[in-house]
Amino acid sequence: MDNVSLVVQPRDVSGSRAARRLRNSGFIPGVLYGRGQAATLITINPRSLREALSTEAGVNAVLDVSLEGDKAVRHAVVKELDLDPVKSVVRHVDLQEIRLTQIIEAAVAIVLEGDCKGVKAGGILDQTTHQVTARGVVTAIPEHIAFDISDLDVHDSARISDLVLPADLQVLDDPDQVVCSILAPRGAEVDLGEEAEGAPAEPGIVGEVEKEEVAD
């Protein structure tokens, strides 16, 4: 996986007011945490960040971060993205400097692919696990793990242990955890309540009633 270049600008002023002014002017405030060094306050162009995170690796991309006017390049990953809950835009970015040989843990999405046999038969796809925690060398962390559900039939389930992983990637979640299931079509289950409502009385009870009527 190739690294992605990201040029950022240093900033001197911190605090919520300064960050608000930056956002109002169309930029994103951020912090670059160094390896054993003091954190660096940075300003990021939203377009540059969007392009950097639009590669195959997505938010797990390894970024070659350079401060404007500085030839030095720092390898970093996104530690945290603060999103505006209303506008869905990035409000703040935390970048963490790393070594390219460093082993990290990261959340990786599970993407279901294929034409599911059970869904074609009228079943309902129910995905209960949407991401897993993966551990591996930072350059080996993918944006997502694809899982082919083509052969799943009604009542079948797939578990984390069924995921096909790269050799250098380890999933830390419970291998027996269900990823998705193919539920039976709606209405396929027998409604026992309605069936019981229209059922005739038990023979023993009917017989006793009849005997009482004859006796009278």
Contacts of type side-chain contact (heavy atoms from CB on, under 4.5 Å), residue [X], not counting sequence neighbours:
| X | result |
| --- | --- |
| Val89 | Asp84, Lys87 |
| Thr40 | Leu32, Ile42, Leu67, Arg74 |
| Pro166 | Asp168, Leu169 |

If we only count heavy atoms from C-beta on, is the [X] to [Y] side-chain gap below 4.5 Å?
| X | Y | result |
| --- | --- | --- |
| Val4 | Asp64 | no |
| Leu125 | Cys180 | yes |
| Asn45 | Phe27 | yes |
| Val31 | Leu41 | yes |
| Val78 | Leu63 | yes |

Going by salt bridge (Lys or Arg N to Asp or Glu O under 4.0 Å), name the pairs with one or both residues in residues 6-24, residues two or more places apart or in two chains.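 Not a single pair qualifies under salt bridge (Lys or Arg N to Asp or Glu O under 4.0 Å).
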
Answer with yes or no whether the hydrophobic clustering places [X] together with [Y]; edges join I, L, V, M, F, W, Y residues whose side-chain heavy atoms lie under 4.5 Å apart.
| X | Y | value |
| --- | --- | --- |
| Leu83 | Val59 | yes |
| Ile149 | Val132 | yes |
| Leu165 | Ile141 | yes |

What's the spacing between [X] [atom1] and [Y] [atom2] if we round to 0.5 Å?
| X | Y | atom1 | atom2 | value |
| --- | --- | --- | --- | --- |
| Ile104 | Thr139 | CD1 | OG1 | 9.0 Å |
| Ile28 | Leu81 | CD1 | CG | 8.5 Å |
| Asp156 | Leu183 | CG | CG | 11.5 Å |
| Ile145 | Leu163 | CD1 | CG | 6.0 Å |

Any pair with a residue in residues 94-119 that passes side-chain hydrogen bond (donor to acceptor under 3.5 Å, both in side chains), sequence neighbours left out, goes on the list, sorted by first then second residue, please. His92-Asp94

Any side-chain hydrogen bond (donor to acceptor under 3.5 Å, both in side chains) pairs touching residues 119-136, not counting sequence neighbours?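 Residue pairs passing side-chain hydrogen bond (donor to acceptor under 3.5 Å, both in side chains), neighbours aside: Thr129-Gln177.
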
[X]: side-chain hydrogen bond (donor to acceptor under 3.5 Å, both in side chains) partners, not counting sequence neighbours:
| X | answer |
| --- | --- |
| Ser150 | Asp148 |
| Asp153 | none |
| Thr43 | none |
| Ser161 | none |

List the steps, then state whether side-chain contact (heavy atoms from CB on, under 4.5 Å) holds for Val90 with Ile44. CA-CA 10 Å; Val90 179; Ile44 307 174; over 6 Å; no

When every non-hydrogen atom of Cys116 is compared with those of Ile182, the smallest separation belongs to SG-CD1, 3.5 Å

List in chain and number order the residues that pass salt bridge (charged side-chain N to carboxylate O under 4.0 Å, His left out) with Asp82, two or more places apart in sequence or in another chain; answer none if no residue qualifies. Arg91

Would you please name every residue forming a salt bridge (charged side-chain N to carboxylate O under 4.0 Å, His left out) with Arg47, sequence neighbours left out?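 Arg47: salt bridge (charged side-chain N to carboxylate O under 4.0 Å, His left out) contacts with Glu51.
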
